Amino acid sequence: MCLGIPGRVVETYTEHDVLMGRVEFGGVYKRVCLEHVPDIVANEYVLVHVGFALSRIDEVEAKRVFAFLEEMNQLDDLEAHSP
Amino acid sequence: MCLGIPGRVVETYTEHDVLMGRVEFGGVYKRVCLEHVPDIVANEYVLVHVGFALSRIDEVEAKRVFAFLEEMNQLDDLEAHSP
Amino acid sequence: MSEPAGMLDPELFGACPVPQSRYDQIVLGHGGGGLLTNELIQRLFVPAFRNDVLEALEDQATLRFGTDNGVKAPRIAFTTDAFVVRPLFFPGGDIGKLAVHGTVNDLAVGGARPLFLSAAFILEEGLPLADLKRIVASMRSACDEAGVTLVTGDTKVVDRGKGDKVFITTSGLGLVPEGRSLSIRSARPGDCLVVSGTIGDHGIAIMSVREGIEFETVLESDTAPLTDLVRVMLDACPSIRAMRDPTRGGVSSALNELAEASGVGVRLDEAAIPVGAEVRGACEMLGLDPLYVANEGKLIAVVPAEDAERLVAVMRTHPLGRNAALIGQVVAEHPGMVTLRSIVGGERVVTLLSGEQLPRIC
Amino acid sequence: MSEPAGMLDPELFGACPVPQSRYDQIVLGHGGGGLLTNELIQRLFVPAFRNDVLEALEDQATLRFGTDNGVKAPRIAFTTDAFVVRPLFFPGGDIGKLAVHGTVNDLAVGGARPLFLSAAFILEEGLPLADLKRIVASMRSACDEAGVTLVTGDTKVVDRGKGDKVFITTSGLGLVPEGRSLSIRSARPGDCLVVSGTIGDHGIAIMSVREGIEFETVLESDTAPLTDLVRVMLDACPSIRAMRDPTRGGVSSALNELAEASGVGVRLDEAAIPVGAEVRGACEMLGLDPLYVANEGKLIAVVPAEDAERLVAVMRTHPLGRNAALIGQVVAEHPGMVTLRSIVGGERVVTLLSGEQLPRIC
Amino acid sequence: MKYLDEYRDSVGAEKLAAAIARTVTRPWTIMEVCGGQTHTIVKYGIDRILPPEVELVHGPGCPVCVTSLEMIDRAHAIASRPDVIFCSFGDMLRVPGSRGDLLQLKSQGADVRIVYSPLDAVSLAAANPSRQVVFFAIGFETTAPPNAMAVWLARKRRLTNFSVLVSHVLVPPAMTAILQSPGNRVRAFLGPGHVCTVVGCGEYEPIAERFKVPIVVTGFEPLDLLEGVLRVVRQLEEGRAEVENQYARAVRPAGNPASKALIDDVFAVCDRKWRGIGLIPLSGYKLRPEYHDHDAEARFAVSNIETQESAICISGEILKGLKKPHDCPAFGLTCTPQNPLGATMVSSEGACAAYYAYGRHLEKTNSRDAMVPVEDLLPLGAGKEVVR
Amino acid sequence: MKYLDEYRDSVGAEKLAAAIARTVTRPWTIMEVCGGQTHTIVKYGIDRILPPEVELVHGPGCPVCVTSLEMIDRAHAIASRPDVIFCSFGDMLRVPGSRGDLLQLKSQGADVRIVYSPLDAVSLAAANPSRQVVFFAIGFETTAPPNAMAVWLARKRRLTNFSVLVSHVLVPPAMTAILQSPGNRVRAFLGPGHVCTVVGCGEYEPIAERFKVPIVVTGFEPLDLLEGVLRVVRQLEEGRAEVENQYARAVRPAGNPASKALIDDVFAVCDRKWRGIGLIPLSGYKLRPEYHDHDAEARFAVSNIETQESAICISGEILKGLKKPHDCPAFGLTCTPQNPLGATMVSSEGACAAYYAYGRHLEKTNSRDAMVPVEDLLPLGAGKEVVR
Ligand code: SF4
Ligand code: SF4
Ligand SMILES: [Mg+2]
Ligand SMILES: [Mg+2]
Ligand SMILES: [Mg+2]
Ligand SMILES: [Mg+2]
Ligand SMILES: [Mg+2]
Ligand SMILES: [Mg+2]
Ligand SMILES: [Mg+2]
Ligand SMILES: [Mg+2]
Ligand SMILES: [Mg+2]
Ligand SMILES: [Mg+2]
């Protein structure tokens, strides 16, 4: 449900007292409502659904799955080396 | 001014209390308002302007120009014969 | 329909060849086949695409394809027309039939044997499929009747309100026999003009079912494929110099184009022009001139005077030519202009239709 | 795109070949190039016009005209397409340019040398003449670039609200060299599929300026005439079996049609398919699949495996082929069907677009 | 067609022309008042078969081309409204106001429709209750009964969404204005046959008497016109100035009483501006106050739109018979049916348009001259709009 | 693209799949609640790289396909009005109600428009003050903040011509209904990542606890889904039933407080009918009375339109994870994306449509079977409309 994709905030502005922004998706720019990610700053990423930012993407958390994969790699190496 | 052509009344009827008729123009039929030629009967000719009959065509009067031409013919004959 | 070269001189008309009438937007008259259409073609399309074939402004382009082996290749006639007629179904025909006949006839009057058609459909959302099916079936039978095969096509759909049910563009290919060369540029003073039948039938049939003007009479369009009539004519009378189907803009446009292209005058005899009783009635009623009303399934031929009587006689043996008539002459006077001797003996100029035909109050 | 004969068996499908989806009226999807378009063609147009050339459902018909003298005449390719693109002017092109490229490319991918075009215009009242002039000028320069001559045309005008500014139907004629025979029926298991560049650029460029979806980014259409690229390809690689320009319905439609027509399976490698960054961004944002997005100025070629690498190398030397890539194979399995190996190794079927592409919420 | 074909006979025409030639002894200038008659004259080339002594001049008898620029501007303002279906006779749509013609407005999206009859506009109003249907009620006395009938019927049918923009004009005041013009050359009139079917011949008696001009109420076919000319010439040669009725097959001396009564019920006489001529007192009809609810001018508040005509063209003098189209330096050059500058070029009935279409221009110019450089053209719409 | 491409890595996918295979010891049925996740699974063929013990079943997580037939009929009734511009997300337009879908209605002349965002519909209302602009506000919790923002903004901007037809649905009540169904086989959930960005993870704790099901809130890319499955399988194998957050890069445990506050301001919880499932108590949002002026259902008086669904398809059981598309005799035969009979075929996110599009049907049928004789088809719109 609910197509949501990460986009990079390029700039912010207000319109009718609502926080809006220009957000980039792989080189394409779109107007997005940022009212619910009020602390966002340029170059941060937001998760956008129907032109509305639902949350900020957390860069640290984003790497966790790779840390986990890395662990598995080391596990593999261990297994590979210990017979 | 005021394109008007003779048409043959085919049938009459009333619509919204107004006298209307089906009028033929050289094989083409058109709805015409006959309210101002109230005594018209089928097969008589009316002079129609913008879907409205202005007057009945008088058959006797219609022939007058030809009578006049006929007179001239006779005149011509006379002139031709009398030197 | 090409004008004397000077008429298009940019020095004379400014660098911009956009039509210089009072319209800076398209109005219906630009599609009426008369003066505005002519201006659009002469001032916008011809200058943009300028090339010999297009500038001839025949109803079809005649092409010769080079062959690898150096053999003389056949001459191929190529034509296209868009069909936007409303209503889609009318007495005597429908848009599909018209789309086949129109293109077949443009080939035939150029002396080509029509062989192949393409059809591109622009459909408006909401068109009942049943209507489309009926149109397509009608096209098929028109193709069969005319002896052509529809070999390629395309379909596009546009939003509701951005089209009008169905538009069909057909293009046609035909084979031009070696040695045959009909052209509206080749009329010569002394030639005779022959029409294949009564004029105005198609245009009045369409008008008779149009909103706001409807008659209570069913008038039938005369749309028909002219292939066979043309064959009979050319067999009997190879001296025919040119033919044209007087469609949009009527006889007036076809003859003005001929007069322009050949640099000759045309003189018509009003009393000789065949007009059906109902077409006359409708024209009188609406204040229209049959010379400006569209035809489908009729043609005008230019023929040397010595063959004219014989041509008319031959045409009258064909169902599509039974009302054929000699309607006028090509003259050396007033080149580029069409005149008409009225039934009471006066003379007038038959100009191109200005704008589109509108019913008149006066 | 023709189906196994049984699919059209009237016993199976009833006597009425009208599309039997839930629509009894035309909807936009019928023009989307996907399943509904396919149904319309298969169930309405093909049965009505039934003949060998049309049923081949190539993008162009290849014709041979008999000659009087019995000499073997050249083979002529004939194609038509209607262009209804909105807006008229878009980044990287306009409707006029597209109308020339589209028809030139249909000829080129059939192996023909494009030579002549016709153009039929359907204009809506109120169209600024300046816009028409701009479109026509663009057509002329597109013709010059592609080496074709526009030799005949037509113009019709429709009432305001009965059209949408300009529709253009072009038809094209090209010469097919003796001995050359490209056909979407001739793909063989083992063949490779090559695309000439990134996909989806044109469709996304058009979408990017469409009301309701506008991006704040100017994406350029990739519209281009493929004549020269095709020439280079065929010179280097005469073994090419088929080509197609994946326009409406995108790569998915082109390959499904190929699979159907040749009775083979197609297997794509998602990771190998070139997609530009911005097209990817736009597709992610709107929930679209680039495989279904329209292209202009791109082609897909089917080539025997042994020549594939060389073909890609040759294409990359051409400006229009610099992103050429080998994207999949023809297989004997699942005939008539296109599958794709995803970037994470799973497999799925790439069906025809169902209806038209709509931005998704989910 | 009966009552048409027999009046288009070339043998009869020759005889009548010969009789005229036999009768005439010196030059006479005769005006056919009506545009329909002008049409017949040029379409059939009738003036070419008349003796040189007889000069026909064309009167202000085209209802389309005498409609004032400001009335067209008002029509434009009304038809521009999205809630309006604007209905008109076909030939009125091509007449340019200050901001182009109604066909152009239609091409820009306005709902402008051609009707054959004003009664068709009433039916449209009934069929479109949520729209405002406005009919452009132009015309001479001839068109007054159908237009009045439309208004009367709309009121009777309680079609509150139907209204008319009235720009009716009357013939006798125009004839009087012509006869009173300095330099007037008109010595006799072919009277307007169709107008007289409605109002009869009585209104013309005082004019004939006061100005000593013969007036022959005449029909519209070639033989009618030739007989009309013959009768006028006879009067002139004999020094008479009477009203005669050549068109008795359609015209009763008293006109049509039912029509006159309906006109009286719906319309009142008013001053009226004529394109090319200017204001003529008591020369038009307006709606009576009882029909105020169906008055488009009031409903859409457009009576404040007033437009000055440009002084470029000589159509006023042409309408009065003082000049001919060829006397105008713009004729066929910057002024063509495609781009008309004045009243007499705007409709195919107008004298300039008729000359352009039917060959008089052969003598001086060529129809292809219609294509002239844009620099030479006047700005679109020669008028200047004043909104107060 | 950053935050997308790195989660679509085939090496990582293989490793995760291998880890799952190593972990699993017996069969488990896991439901991904969300249609977006279903989409990823079939698009990337993820279920094909999972060990056979792991069965993924697809939940009712497509907002388009769970919208009730009667809501679509109400939308149809509103969009049919000539004064209305009806705006919707693109994929909603293809969903058939009793009288066809909104694309068909558009093809018949209705002004139906696709918008990318509900805020675009607000702009349309501002740009078209003389029209009624109605937005079809469907969606799960994810779409509630943008929809609420549209209503809030319209009120703030006094756009009295803007209203919304609300058909919002909520995930937790649907999960509860599934777990309570007789014959339920679902032993764990991949939780709806995007829903949780708004509402957080807290609402799922009671469900995990009460029904003893692991719930791993999961993202939408291949690596997300594989990690989600791995985490679920570990819990299952270890006998745990906890709420975990795989999608922590976007989901805060407490969700988005601003979004929750706005939802509370604009919406109130209500009972809601789900297509294919039926009424689930307290499973939706409706507008609060304070926003009554922007309620399209009230404004256009359509709440009396009620429609019974046909009993033909098994989409309800599919939505609850009890059956798979192939268990339906209509799948791929009389029911196709072209001619969908039930909720799960109507959107490309629906389980039946996803199977149809992405290859599960390879096993049983052929896409060309979509072309079936018209006799075999059900009448257009399987539902029956009841207007009270
Ligand atoms: S030709 Fe034109 S400018 Fe001259 S008088 Fe006639 S209408 Fe006026
Ligand atoms: S295939 Fe169609 S009929 Fe069968 S369950 Fe799915 S939606 Fe219902
Ligand atoms: Mg043609
Ligand atoms: Mg033609
Ligand atoms: Mg095509
Ligand atoms: Mg329409
Ligand atoms: Mg022609
Ligand atoms: Mg093509
Ligand atoms: Mg094409
Ligand atoms: Mg043409
Ligand atoms: Mg439009
Ligand atoms: Mg193609």
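This structure is a prediction, so every number in the text was calculated from the model and none was measured. Each chain gets a letter, A, B and so on, in the order its sequence line appears, and its residues count up from 1. Only heavy atoms go into these numbers, but all of them, side chains included; no hydrogens, no water, no symmetry mates.
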Subject >> Close contacts, residues 24-34 of chain B versus chain E, judged by heavy atoms under 4.5 Å >> reply: F25(B), G26(B), K30(B), C33(B)
**OP:** Give the ring-plane orientation class for F66(B) versus Y7(E), where under 30° counts as parallel, over 60° as perpendicular and anything between as tilted.
**Re:** tilted
Subject >> R8(B) portion near chain E, given a 4.5 angstrom heavy-atom threshold >> reply: neither
Original post:
Between P145(E) and F52(B), which heavy-atom pair has the shortest distance, and what is it?
Top reply: CB-CE2, 3.6 Å
Original post:
Side-chain contact, heavy-atom cut-off 4.5 Å: L3(B) with F89(E)?
Top reply: no
Original post:
In terms of heavy-atom pairs under 4.5 Å, which option from I57(B), V46(B), I5(B) contacts chain E the most?
Top reply: I57(B)
Original post:
In terms of heavy-atom pairs under 4.5 Å with chain B, which of G139(E), P146(E), S117(E) leads?
Top reply: P146(E)
Original post:
Counting only N and O atoms by type, is there a donor-acceptor contact under 3.5 Å from the side chain of S55(B) to the main-chain atoms of A250(E)?
Top reply: yes
Original post:
Do any pairs count as a side-chain hydrogen bond (donor to acceptor under 3.5 Å, both in side chains) and have a residue in residues 146-155 of chain E, sequence neighbours left out, and if so which ones?
Top reply: N147(E)-H168(E), R155(E)-Y291(E)
Subject >> Heavy-atom contact with chain B under 4.5 Å, split by part of L16(E) >> reply: both
Subject >> Toward chain E, the part of V65(B) with a non-hydrogen atom under 4.5 Å >> reply: both
Original post:
In terms of heavy-atom proximity below 4.5 Å to chain E, should L47(B) be classed as side chain, backbone, both, or neither?
Top reply: side chain
Subject >> Nearest heavy atoms of H36(B) and S259(E), plus distance in Å >> reply: ND1-OG, 2.7 Å
**OP:** With a 4.5 angstrom heavy-atom cut-off, could you sort out which part of E221(E) is near chain B: side chain, backbone, both or neither?
**Re:** neither
Subject >> chain B contact via I138(E) - side chain, backbone, both or neither, heavy atoms under 4.5 Å >> reply: neither
Original post:
Quick one: do K2(E) and E59(B) make a salt bridge, cutoff under 4.0 Å?
Top reply: yes
